[in-house]
Amino acid sequence: MSLNEVTKLYESLNKEFNSSNPNLQKCGEYLEKLKIAMIEFQFLVPENEAQDQKISLLTKTLEIGALWSIRVKDIPSFERYMAQLKTYYHDYSNLPQSQRMYSIIGLNLLRLLAQNRLSEFHTELETIEPDQLVSNIYIKHPVEIEQCLMEGSYNRVWNARANVPANEYLFFMDILVDTIRNDIASCSEKAYASLPISDAATLLYFNNEKEVLEFAKERNWNVNMADKKIYFVSNDKKTDEIPTKETISKILNYARELERIV
């Protein structure tokens with residue numbers, strides 16, 4: 001397949017993906033064809049003429065692949081595309097910068113937060129220019145989210161969901177909110193015997209009673225619709241009581257024995 005043919009195939013993918021109602025299955029088929037074409041055409045290790053054009057074409061294809069993975073909710077696929085993109089972002093920095101680069105990098109940072117992979121998150125931050133951490137909206141967003149998590153400001157994390165820099169960020173934000181919600185639920189089970197359904201909705205960032213009841217069912221909570229309360233089922237085993245009299249008796253015996261020895 002010639003460079004022109006591969007370029008036309010990419011243009012078909014780009015047109016479909018950026019349409020108002022893209023056919024994601026068709027986009028996936030284009031991506032598969034492009035990956036095979038690139039391997040056959042030795043795009044992964046460019047050596048001959050039109051090298052810059054081929055690298056740019058490959059980078060843009062991988063970026064669409066990463067965004068497509070988010071839209072079809074395939075995290076492992078996103079991780080594979082991201083691993084390939086890192087090479088072209090860092091090893092070919094002399095070429096014109098991709099317009100989508102920081103958007104993709106920001107998505108990857110948010111993925112690491114959603115997966116609670118904080119050490120990898122900070123490692124990735126070290127590869128980004130310091131000024132971008134505070135000036136670039138795509139990078140600034142996950143950085144601020146991480147600060148909120150460290151402070152325990154879950155309400156700010158929830159509010160940040162309404163201010164994502166791109167729609168694809170919502171996928172990982174929803175995963176992050178679910179993680180936070182389950183953490184709050186686990187703490188609530190230990191802290192309260194029961195909660196009014198309305199209070200549980202506020203505490204767990206639900207919009208209505210129906211969402212609360214579905215979540216309660218998932219966690220095997222008891223719901224009493226008569227008094228509009230959720231009763232938590234404790235799985236903790238009852239702590240054994242310390243046998244006070246026996247313990248005191250043994251201590252006194254030890255003390256008598258010590259007196260005899262002295």
Side-chain angles (χ1 to χ4, degrees), residues 17 22 24-25 27-28 31 62-86 89 100-128 133 136-190 200-221:
F17 187 77
L24 296 179
Q25 182 178 348
C27 289
L31 284 166
L62 293 174
E63 288 175 334
I64 290 180
L67 296 174
W68 171 84
S69 299
I70 298 299
R71 294 191 187 183
V72 298
K73 301 181 179 180
D74 188 342
I75 296 177
S77 175
F78 175 81
E79 292 175 350
R80 289 193 294 271
Y81 279 112
M82 192 66 219
Q84 291 176 281
L85 279 169
K86 286 180 183 179
Y89 286 159
R100 284 182 168 137
M101 185 179 81
Y102 283 113
S103 174
I104 300 290
I105 291 175
L107 266 173
N108 189 49
L109 289 172
L110 196 56
R111 171 185 68 88
L112 294 172
L113 286 179
Q115 295 175 329
N116 199 30
R117 295 160 65 174
L118 296 181
S119 60
E120 293 176 59
F121 174 85
H122 289 287
T123 299
E124 290 296 322
L125 285 184
E126 293 176 4
T127 66
I128 302 172
L133 300 179
N136 190 293
I137 58 171
Y138 298 109
I139 305 301
K140 185 179 178 181
H141 183 269
V143 168
E144 290 180 347
I145 292 294
E146 192 264 347
Q147 292 174 346
C148 293
L149 291 173
M150 293 300 99
E151 296 169 1
S153 302
Y154 295 151
N155 194 50
R156 289 173 59 193
V157 174
W158 173 256
N159 291 334
R161 188 188 179 282
N163 298 304
V164 292
N167 287 335
E168 286 80 10
Y169 280 60
L170 288 173
F171 175 64
F172 290 123
M173 282 300 297
D174 287 341
I175 294 175
L176 188 58
V177 168
D178 281 342
T179 301
I180 291 173
R181 182 176 286 129
N182 279 289
D183 286 344
I184 294 174
S186 296
C187 292
S188 298
E189 290 171 346
K190 295 178 175 62
T202 302
L203 190 64
L204 298 170
Y205 302 104
F206 283 122
N207 297 316
N208 52 59
E209 183 179 287
K210 182 181 177 182
E211 292 177 348
V212 180
L213 296 179
E214 290 175 354
F215 185 76
K217 186 177 180 181
E218 291 174 6
R219 296 191 68 94
N220 296 318
W221 291 343

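The basis for the numbers below is simple: all heavy atoms, side chains too, and nothing from hydrogens, waters or symmetry mates.
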> Who are the ring pair (Phe, Tyr, Trp, His ring centres under 6.0 Å) partners of Tyr205, not counting sequence neighbours?
Replying inline: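 Result, ring pair (Phe, Tyr, Trp, His ring centres under 6.0 Å) vs Tyr205: Trp158.
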> Quick one: CD on Gln84 to CD on Glu63, what's the gap to the nearest 0.5 Å?
Replying inline: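 It comes to 12.0 Å.
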>> Would Leu67 and Leu107 count as a side-chain contact (heavy atoms from CB on, under 4.5 Å) here? Give the steps.
In response: CA-CA 9 Å; Leu67 296 174; Leu107 266 173; 3.7 Å; yes
> Is it the case that Arg111 and Asn108 place a side-chain donor and acceptor less than 3.5 Å from each other?
Replying inline: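 Indeed, the side chains of Arg111 and Asn108 share at least one donor-acceptor pair under 3.5 Å.
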> Going through the distances and angles, do Glu146 and His122 end up as a side-chain contact (heavy atoms from CB on, under 4.5 Å)?
Replying inline: CA-CA 10 Å; Glu146 192 264 347; His122 289 287; 3.1 Å; yes
Provide the closest heavy-atom pair for [X] versus [Y] in the form atom of the first, atom of the second, distance.
X      : Y      : answer
Tyr138 : Tyr102 : CB-O, 3.4 Å
Val143 : Phe121 : CA-CZ, 4.3 Å
Ala66  : Ile104 : CB-CD1, 4.3 Å
Leu204 : Arg181 : O-NE, 2.7 Å
Asn208 : Glu211 : OD1-N, 2.9 Å
Pro76  : Asp74  : CD-OD1, 3.2 Å

Side-chain heavy-atom pair [X], [Y] within 4.5 angstrom cut-off:
X      : Y      : answer
Arg100 : Ile64  : yes
Leu110 : Val164 : no
Arg71  : Cys27  : no
Trp68  : Ser77  : yes
Arg219 : Asn182 : yes
Asn136 : Ile128 : no
Leu113 : Leu118 : yes

> So, for Phe78 and Phe172, is the gap between ring centers shorter than 6.0 Å?
Replying inline: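 Yes.
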>> Does Asn116 form a side-chain contact (heavy atoms from CB on, under 4.5 Å) with Thr179? I'd like the steps, not just the answer.
In response: CA-CA 9 Å; Asn116 199 30; Thr179 301; over 6 Å; no
